[in-house]
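Below is one structure; the comments refer to it alone.
Below, chains carry the letters A, B, ... as their sequence lines are ordered, and counting in each starts from 1.
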Amino acid sequence: MSDPVIELDHVNKWFGAFHVLKDVSMRVGKGEKVVVCGPSGSGKSTVIRCINRLEEHQKGRILVDGIELTGDVRQIERIRKDVGMVFQSFNLFPHLTVLENLTLAPNWVKNAPMKEATETAMYYLERVRIPEQAQKYPGQLSGGQQQRVAIARALCMKPKVMLFDEPTSALDPEMIKEVLDVMVELAHEGMTMVCVTHEMGFARTVADQMIFMAEGQIVETAPPAEFFAAPKTERARQFLGQILGH
Amino acid sequence: MSDQSSHNPKTASEIASHVEEPSQAELHTHRRNAFAGLGWARDNLFSNIPNTILTVLSVALLVWAAPPLLDWMLLKATFLNEDPAACREAGGACWSFVTVKHRFILFGLYPYDEHWRPLLAMALFIAALAISCDSRFWNMRIVYVWGLVLPVCGILMWGGWLGLTFVPNDKWGGLPLTLILATLGIVLAFPLAVLLALGRRSDMPAIRAICVGYIETVRGVPLVSVLFMASIMFPLFLPEGLTIDKLLRAQLGIMLFTAAYLAEAVRGGLQALPKGQYEAADALGLGYWQKTRLIILPQALRLVIPPIVNQFISCFKDTSLVIIIGLYDLLTTAKTALADPSWRAFYVESYVFAAFIYFLFCYFMSRYSQYLERRLNAGLRR
Ligand SMILES: Nc1ncnc2c1ncn2[C@@H]1O[C@H](COP(=O)(O)OP(=O)(O)OP(=O)(O)O)[C@@H](O)[C@H]1O
Ligand SMILES: [Mg+2]
């Protein structure tokens, strides 16, 4: 495997006295797709939020594209430029139009001229199939549309990695597909992705690796075919049983 | 309030339009409209027993208070006759007092022959304020407007240039003084308040401690004592020979005081903003000040327009406390105008006049805040 884009090396994190991540290690290579799953409260969100320093880890090392995450603010901002994130609750900026949401960061963080930023924004809006909504405010869009705007917003920064934290769990069932379609397309284009999701169909289609977490630890890492057919641990078997409704 | 008042006429007109359907016989229309009025009254004034009691009490109060008030204010009032004796004879309000004294009340001790200068300065100032209320000017243009208006006002008020005689600012008074103290107090307090509110939520303990300390200290003392300190104690700390003008000290006192309260209002907005907004901005790589300026403040400030305007109104009225350090603001000039023995009896008229001016400004601020809230939230549905 070439140099990993993301490398976690025995990462530990505490919330006060609560040990939420215990010796978490993983490597994500360029173009690799990793799906993280596990029961609620197992620390999935915390792991991927550590990757762009929305959460701070206390022990171990995290490297993104060869740069180590430390307390250095400039380092953090540099890494964040290269790491796109999509949240469960979209977190679009409601006071800005869709287009402004997309051009803001390229314009201010990467100093892209407005004309160029607008062209990039329109390109990605077309990619997520809602160019006609460019002048609307997020509050005027459906949940599925908002999440696609959020994906486009992250892509406008031309990130090297995309992090997804349960991007479809806040959506009505009929909107889940339109978001997953966009994600599958993105995966096929070779984007490096780390997704926390319970959409096992999606995981089967795109994942190179499944990571199963429980109680702050990585319990199992396996390619999806293997993971779904024959989980090695009892915890994973139980979890799959619940989630696939057997 | 406004909800109800906009709702009521609608109900009435709905009923009316229902009644006026073409199938109704023309002859009956008139009678039925009267009936619709009754229906409206029943729905809105007598819908239940407490409501009925309130309606009856309100009507009784009106009947009891309105005629004598009207009598005093208009029917028996004297307007133009500049003789106090005529006022006493008429028995009503003596608006002649205002006719005679309005220039002193409005401009204080400013040299009488030069009153056109504060008048013009005030007109410019109010025009600039009006322009500032228009969102089309919320860019560099507003800076140009004030960059032009403030120096011109300064030249007009102080003079000593372009053939204008010099008027030291301890001769300033009345409405211009109140307007200057309030507007500059608010305008200067606002950025300070935003910084204090941000500092209070800072990750850095030292900055947080300073901001909390400042806010809590200032909120713990009344404005009167802040003004006293500004005017009496502050000079004691200054090096020998250096003096700061009394007006400037009052201005600083009002600004520092208002900032502490405003900071708490702003903090409310910062807290009300969902955490996801901060995280999304962070995740995009925006720096602290970019995030604050582009994402956080535009949303947080909109959320707290009502308490902010509340603070503005209260600052405007509180400027009247500068009386205690001997500045002639609007309320003080209204009081001083009564020192004239022949008009001493008409203090009610004097205060009503001053109150009316205060009311005009405060009422406008309150209406403007309602308009602003509606406008800014128009596109914003969460
Ligand atoms: N800011 C915080 N302070 C204290 N505890 C926290 C904090 N954030 C998360 N936790 C705790 O850490 C644990 C892991 O949380 P995390 O959000 O990573 O779980 P998750 O696997 O993403 O769960 P879910 O599937 O419900 O999203 C949980 O027990 C949670 O209560
Ligand atoms: Mg989670």
Side-chain angles (χ1 to χ4, degrees), chain A residues 45 48-49 51-56 71 73-98 100-111 135-141 146 149-150 153-159 161-163 165 170, chain B residues 135-136 138-140 194 198-199 201-208 266 268-306 308 369 371-382:
Chain A
S45 299
I48 70 165
R49 288 159 58 86
I51 296 173
N52 65 354
R53 245 310 149 125
L54 289 184
E55 302 286 356
E56 191 181 333
V73 178
R74 233 170 264 137
Q75 208 86 300
I76 293 170
E77 278 170 13
R78 213 170 116 200
I79 286 175
R80 282 174 176 167
K81 270 195 236 179
D82 287 337
V83 179
M85 182 148 195
V86 176
F87 300 86
Q88 181 176 350
S89 48
F90 328 136
N91 295 347
L92 294 176
F93 306 128
H95 63 301
L96 302 175
T97 63
V98 165
E100 286 164 344
N101 264 276
L102 267 61
T103 53
L104 181 112
N107 187 221
W108 286 90
V109 179
K110 292 197 147 173
N111 297 317
Q135 300 304 334
K136 289 207 183 150
Y137 285 90
Q140 297 167 307
L141 306 184
Q146 289 193 48
V149 171
R153 178 176 69 178
L155 290 175
C156 281
M157 288 293 283
K158 311 255 169 71
V161 195
M162 287 283 285
L163 308 175
D165 189 0
Chain B
S135 58
R136 277 170 302 178
W138 293 355
N139 44 40
M140 280 313 284
V194 169
L198 291 170
R201 290 169 56 85
S202 164
D203 295 331
M204 286 172 264
I207 290 183
R208 204 166 48 226
V266 173
L270 294 176
Q271 264 166 353
L273 211 59
K275 218 168 121 236
Q277 292 293 310
Y278 292 86
E279 291 180 348
D282 284 338
L284 284 168
L286 293 168
Y288 177 81
W289 290 108
Q290 290 176 336
K291 170 175 74 171
T292 303
R293 221 198 90 199
L294 301 167
I295 308 299
I296 306 305
L297 287 180
Q299 295 186 68
L301 293 182
R302 257 169 237 219
L303 287 175
V304 289
I305 291 172
I308 285 178
S369 97
Y371 156 80
L372 202 60
E373 228 182 313
R374 263 199 315 274
R375 223 198 65 110
L376 290 179
N377 292 331
L380 258 181
R381 265 185 297 134
R382 279 178 191 274

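- Of all non-hydrogen atoms in A/P94 and B/Q299, the two that sit nearest each other are CG-OE1, 3.1 Å.
- With a 4.5 angstrom heavy-atom cutoff, A/L92 touches chain B only via backbone atoms.
- Atom CH2 of residue A/W108 and atom CZ of residue B/R293 lie 4.0 Å apart, to the nearest 0.5 angstrom.
- The two residues B/A283 and A/L54 make their nearest non-hydrogen contact at N-CD2, 4.4 Å.
- Looking at heavy atoms from C-beta onward, B/L286 lies in side-chain contact with A/L104 at the 4.5 angstrom threshold.
- Only the side chain of A/F87 comes within less than 4.5 Å of a heavy atom in chain B; its backbone stays farther off.
- Heavy atoms closer than 4.5 Å to chain A are found nowhere in B/Y278, neither backbone nor side chain.
- Under the 4.5 Å side-chain criterion, counting only non-hydrogen atoms from C-beta, B/E279 is not in contact with A/M85.
- The parts of A/R153 that come within reach of chain B are both its backbone and its side chain, each placing non-hydrogen atoms under 4.5 angstrom from that chain.
- Summarising the geometry, atom CZ belonging to A/R80 is positioned 10.0 Å from atom CG belonging to B/L284; distances are rounded to the nearest 0.5 Å.
- Remark: side-chain polar atoms of A/N91 are paired, donor with acceptor, to backbone N or O of B/G276 under 3.5 angstrom.
- Of the atoms belonging to B/Q290, it is side-chain heavy atoms, and not backbone ones, that fall under 4.5 Å from chain A.
- When all heavy atoms of B/G285 and A/E77 are compared, the closest pair comes out as O-CG, 4.1 Å.
- At least one donor-acceptor pair closer than 3.5 Å links the side chain of A/H95 to the backbone N or O of B/L294.
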